[in-house]
Amino acid sequence: MNYSDEELYSLVNKAVKVFYDKVYEDPWMKDVFKVIKQEIIENQQTDFMVAALGGPKRYCGRSPKDAHLHIFVDDEMWDRREKVLEQSLRETLTDEILITKWLRIDEAFRHAIVRNNPSECTKRYASDEIINVPNPFKKVA
Ligand code: HEM
């Protein structure tokens, strides 16, 4: 893994775009992402991952913990996102070291974002809505 800043940015951006194309089509996650334009989250996520992977520190948004306070993400949603992420990375990247590093960084945030109960979510601002999208695949007894 030895890329120029431009190469790293372009690889990450390519993979991030493929990832969010899938997320914004996903029957469950698409409703979570209604609050943000795809292009904006793609730019934020690219800057975040480039910095986390050792590239230029352009990201100046919230930490993942603070960015998701108002979103109910359970382990099922997390695992679904993780599968889509891995699939997207494998479709766009050939560097196994980069893929492994990316997935390891991502997984490190599970405990900061995943909650057991929607009541654990908090609003970042008074005007925030708590985002709690039920799993459409869950069988009701
Ligand atoms: C299932 C897991 C996740 C879901 C459903 C999710 C969803 C979202 C949503 C809906 C937003 C926009 C929030 C808003 O503007 O109201 C957001 C922001 C963001 N997410 Fe996630 N996210 C997840 C995991 C992650 C992970 C693992 C990372 C980083 C490794 C991450 C990085 C970010 C960043 C950088 C922002 C922008 C924050 C800001 O501009 O303040 N997300 N996420």
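We use all heavy atoms of the structure for the numbers below, so side chains are in, but hydrogens, waters and symmetry mates are not. All residue numbers refer to positions in the sequence shown, counting from 1. Both ligands and their constituent atoms are indexed starting at 1 by order of listing. Keep in mind it's a predicted model, so treat the numbers as computed, not measured.
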- Query: Can you tell me if NZ on Lys37 sees more than 12 non-hydrogen neighbours from other groups inside 6.0 Å?
  - Reply: no

- Task: For Asn117, look at atom CG and say whether over 12 heavy atoms of other residues, nucleotides or ligands are found less than 6.0 Å away.
- Result: yes

- Query: Nearest protein heavy-atom contact for atom 2 (C) of ligand 1: which residue, which atom, what distance?
  - Reply: Arg81 CD, 3.1 Å

- Message: Using a strict threshold of under 4.0 Å (side-chain N to carboxylate O), is an ion pair present between Arg81 and Asp106?
- Response: yes

- Note on the structure: Between Asn13 and the options Asp47, Thr92, Thr46, Asn43, the side-chain hydrogen bond (donor to acceptor under 3.5 Å, both in side chains) test singles out Thr46

- Query: Are any of the side-chain nitrogens in Asp74 or Arg80 under 4.0 Å away from the carboxylate oxygens of its partner?
  - Reply: no

- Message: Only heavy atoms of Ala67, strictly under 4.0 Å: list the atoms of ligand 1 that pass.
- Response: 38 (C)

- Task: Could you tell me the residue and atom name of the protein heavy atom closest to atom 14 (C) of ligand 1, and the distance to it rounded to 0.1 Å?
- Result: His70 NE2, 3.7 Å

- Val73 heavy atoms within 4.0 Å reach ligand 1 at atoms 1 (C), 2 (C), 5 (C)

- Which one holds for Ile105 and ligand 1: side chain close, backbone close, both close, or neither close, with close meaning a heavy atom under 4.0 Å? neither

- Task: Look at ligand 1 and say whether Arg124 reaches it with a heavy atom at a distance under 4.0 Å.
- Result: yes

- Quick one: look up the protein heavy atom nearest atom 9 (C) of ligand 1 and list residue, atom name and how far away it is. Ile71 CD1, 3.5 Å

- Measuring from Arg90:CZ to Leu85:CG, what's the distance to the nearest 0.5 Å? 10.0 Å

- Query: Quick one: does Met29 get a heavy atom under 4.0 Å from ligand 1?
  - Reply: no

- Decide whether an N or O pair under 3.5 Å exists between Gln44 and ligand 1. yes

- Note on the structure: Per-atom filter on ligand 1: closer than 4.0 angstrom to a heavy atom of Ile113 are 24 (C), 25 (C), 26 (C), 27 (C)

- Should the pair Lys138-Glu76 be classified as a salt bridge under the 4.0 Å nitrogen-to-oxygen rule? yes

- Message: Between Val18 and Val84, is there shared hydrophobic-cluster membership here, with clusters defined by ILVMFWY side-chain heavy atoms closer than 4.5 Å?
- Response: no

- Task: Please say whether Arg62 places an N or O atom under 3.5 Å from an N or O atom belonging to ligand 1.
- Result: yes

- Message: Does the plane of the ring in Tyr59 sit parallel, tilted or perpendicular to the ring in Phe48? Use 30° and 60° as the thresholds.
- Response: perpendicular

- Query: Is the shortest side-chain N to carboxylate O distance from Arg110 to Glu107 below 4.0 Å?
  - Reply: yes

- Note on the structure: One finds that the ligand 1 atoms under 4.0 Å from a non-hydrogen atom of Val35 are 10 (C), 14 (C), 16 (O)

- Message: At less than 4.0 angstrom from any non-hydrogen atom of Asp106, what atoms of ligand 1 do you find?
- Response: 27 (C), 30 (C)

- Which atoms of ligand 1 sit under 4.0 Å from any heavy atom of Met77? 5 (C)

- Message: I want to confirm something. Looking only at heavy atoms, which of Phe72, Tyr59, Phe48 is nearest to atom 37 (C) of ligand 1?
- Response: Tyr59

- Item | Identity and separation of the nearest protein heavy atom to atom 27 (C) of ligand 1 | Trp78 CH2, 3.3 Å

- Which residue supplies the protein heavy atom nearest to atom 21 (Fe) of ligand 1, what is that atom called, and how far is it? His68 NE2, 2.0 Å

- Item | Protein contact of atom 7 (C) of ligand 1 - nearest heavy atom, named by residue and atom, plus distance | Phe33 CZ, 3.2 Å

- Message: Salt bridge or not between Glu129 and Lys34? Use side-chain N to carboxylate O under 4.0 Å.
- Response: no

- In terms of residue, atom name and distance, what is the protein heavy atom nearest to atom 18 (C) of ligand 1? Ile41 CD1, 3.4 Å

- atom 32 (C) of ligand 1: which protein heavy atom is closest, and how many Å away? Gln45 OE1, 3.0 Å

- Item | Other residues, nucleotides, ligands: >12 heavy atoms within 6.0 Å of Lys123 NZ | yes

